[in-house]
There are 2 protein chains.
Amino acid sequence: MQCYAEMIKNSGLKATFQRMTILSVIDKFGHISIDEIYEEVKKTHPTLSLATVYKNILNMVSHNVLTEVPIAGKKSKYEIKKADHIHLVCTNCNSVTDIDVEIPVNSAFEKLAGEESFKISSTQVNIYGVCPNCSKA
Amino acid sequence: MQCYAEMIKNSGLKATFQRMTILSVIDKFGHISIDEIYEEVKKTHPTLSLATVYKNILNMVSHNVLTEVPIAGKKSKYEIKKADHIHLVCTNCNSVTDIDVEIPVNSAFEKLAGEESFKISSTQVNIYGVCPNCSKA
DNA sequence: ATCCTTGCAAATGATTTGCAAGAGT
DNA sequence: ACTCTTGCAAATCATTTGCAAGGAT
């Protein structure tokens, strides 16, 4: 995840300072909610407004720079777009971890969807439970 | 899905008229958002308040009568709780359909989660795309 | 009789919008 | 230069809360 400016320009948006700052925060945290992004971004750029964070997240999601990760009972988190993968969601500490393998089930999904004549565009898999860290305590 | 009163009482809640009405609407529609529930419920019971719908959805989710289905870019929908299964989410008409098979991947999930020492409590799979109806048009 | 639940209205929180000034290409 | 983007404040929308009255067990 080297060049944020390129990612943004390639999507058709202008590479503003605000967007690059937001992207770098998301990249650093992996999965993060809008208000968390704002809190983080404020530390280095106190004038960057919450409205700007909102506008940009929406914008970058619809331009395929970011992906929304909706989570039951919580606010959505956002991540930099990459191939579909599995999320481990800790219901205790609210952390989200990627499992970086191909979703092992895409063929099964396609078969199922095919039976229903459903045209797949993307898949989203959340596994809820307790992460190793929280299990200890 | 015969006896709403039983479902509610078994969960430890009182079987009020409002809860049974809400449950029957969810049952009828399968997957439905809070404001849609309210609109529907108002038709037969105009005095049932939106606050009551909110309170009861939250309550029945935490008492395991309902399950929240979070959807990227949309408001969550709610369904009557049953075994984990796959949702086909149409990004065109916003409909949600169940695929009523065991999630074909639970063993794969467990293996993956096991490698990470992650204790699974539930899984949530959304497949986004275009449903047969919308494909025609 | 007791405790839980409702409905209302108000409070809070989250998100969106309009617009003039400023930044990117 | 031109167009897109920002920041602010206000507007809007979504959700939660407190409390007195009513309902379920």
Side-chain angles (χ1 to χ4, degrees), chain A residues 3-25 32-66 68-78 94, chain B residues 3-25 32-66 68-78 94:
Chain A
C3 189
Y4 303 128
E6 286 312 310
M7 295 174 56
I8 297 169
K9 284 189 208 165
N10 288 342
S11 78
L13 295 169
K14 289 186 179 175
T16 64
F17 180 67
Q18 289 83 343
R19 280 186 187 133
M20 289 188 282
T21 306
I22 291 170
L23 257 193
S24 72
V25 166
I32 183 169
S33 67
I34 288 184
D35 49 321
E36 289 166 342
I37 292 168
Y38 177 58
E39 289 309 315
E40 195 58 29
V41 133
K42 256 200 315 196
K43 290 180 186 169
T44 49
H45 307 287
T47 60
L48 205 164
S49 74
L50 179 56
T52 296
V53 176
Y54 271 102
K55 286 170 184 167
N56 280 319
I57 295 298
L58 277 259
N59 235 253
M60 291 196 280
V61 166
S62 62
H63 282 76
N64 289 308
V65 177
L66 299 178
E68 178 183 351
V69 183
I71 299 172
K74 300 288 168 98
K75 291 205 261 188
S76 286
K77 299 202 174 203
Y78 297 86
N94 198 25
Chain B
C3 188
Y4 303 129
E6 286 312 310
M7 294 174 57
I8 298 169
K9 284 190 208 164
N10 288 342
S11 79
L13 295 169
K14 286 186 180 176
T16 65
F17 181 66
Q18 289 85 342
R19 279 184 189 136
M20 289 188 282
T21 305
I22 291 170
L23 256 194
S24 72
V25 166
I32 185 170
S33 67
I34 288 183
D35 47 323
E36 290 165 342
I37 293 168
Y38 178 58
E39 289 309 316
E40 196 57 30
V41 133
K42 256 200 313 197
K43 291 179 186 168
T44 49
H45 305 287
T47 60
L48 205 164
S49 74
L50 180 57
T52 296
V53 176
Y54 271 102
K55 285 171 186 166
N56 280 319
I57 296 297
L58 276 260
N59 235 254
M60 291 195 281
V61 166
S62 62
H63 282 77
N64 290 308
V65 176
L66 298 177
E68 178 184 352
V69 183
I71 299 173
K74 301 288 168 101
K75 291 206 261 188
S76 286
K77 299 202 174 205
Y78 296 85
N94 199 24

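Every chain is numbered from 1 and lettered A, B, ... according to where its sequence line falls, protein lines coming before strand lines. Only this structure's heavy atoms are used, side chains among them; waters, hydrogens and symmetry mates stay out.
Ranking C:dG7, D:dA24, D:dT16 by closeness to the B:T47 side chain, first place goes to C:dG7. Comparing atom distances between the B:L50 side chain and each of D:dT15, D:dT16, C:dC4 picks out D:dT15 as nearest.
Per the geometry, CZ belonging to A:R19 stands 11 Å off C1' belonging to C:dA23, to the nearest Å. Summarising the geometry, the separation between CD on B:E6 and P on D:dT25 is reported as 10 Å, rounded to the nearest angstrom. Here the C1' atom of nucleotide D:dC4 and the CD1 atom of A:I8 are 14 Å apart, to the nearest Å. For B:N10 and D:dT25, the CG to P distance is 12 Å, given to the nearest whole Å. Rounded to a whole Å, the CD atom of A:E68 is 16 Å from the P atom of C:dA14.
Residue-to-nucleotide contacts include no donor-acceptor pair under 3.5 Å from the side chain of A:K55 to the base of D:dT6.
Each of B:E40, B:E36, B:K42 was evaluated against B:Y38; a single residue qualifies, B:K42, per the side chain to side chain contact (heavy atoms under 4.5 Å, CB included) test.
Listed pair A:K75 / C:dG13 fails the phosphate criterion, with no side-chain N or O lying under 4.0 Å from OP1 or OP2. At C:dT6, one or more side-chain N or O atoms of B:N56 fall inside 4.0 Å of OP1 or OP2 (strictly under the cut-off). The side chain of B:T16 contributes an N or O atom lying less than 4.0 Å from OP1 or OP2 of C:dT6. Between A:Q18 and C:dA23 there is no side-chain N or O to OP1 or OP2 distance below 4.0 Å.
Each of A:P46 and A:L13 has a nearest nucleotide on DNA chain D; the 5'-most of these lies closest to A:L13.
Using a 4.0 Å heavy-atom criterion, one finds that A:L48 contacts the sugar-phosphate atoms exclusively.
Taken from CZ in B:R19 to CE in B:M7, the straight-line distance is 13.0 Å, to the nearest 0.5 Å.
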May I have the step-by-step check of side chain to side chain contact (heavy atoms under 4.5 Å, CB included) for A:N59 and A:V65, ending in yes or no? CA-CA 9 Å; A:N59 235 253; A:V65 177; over 6 Å; no
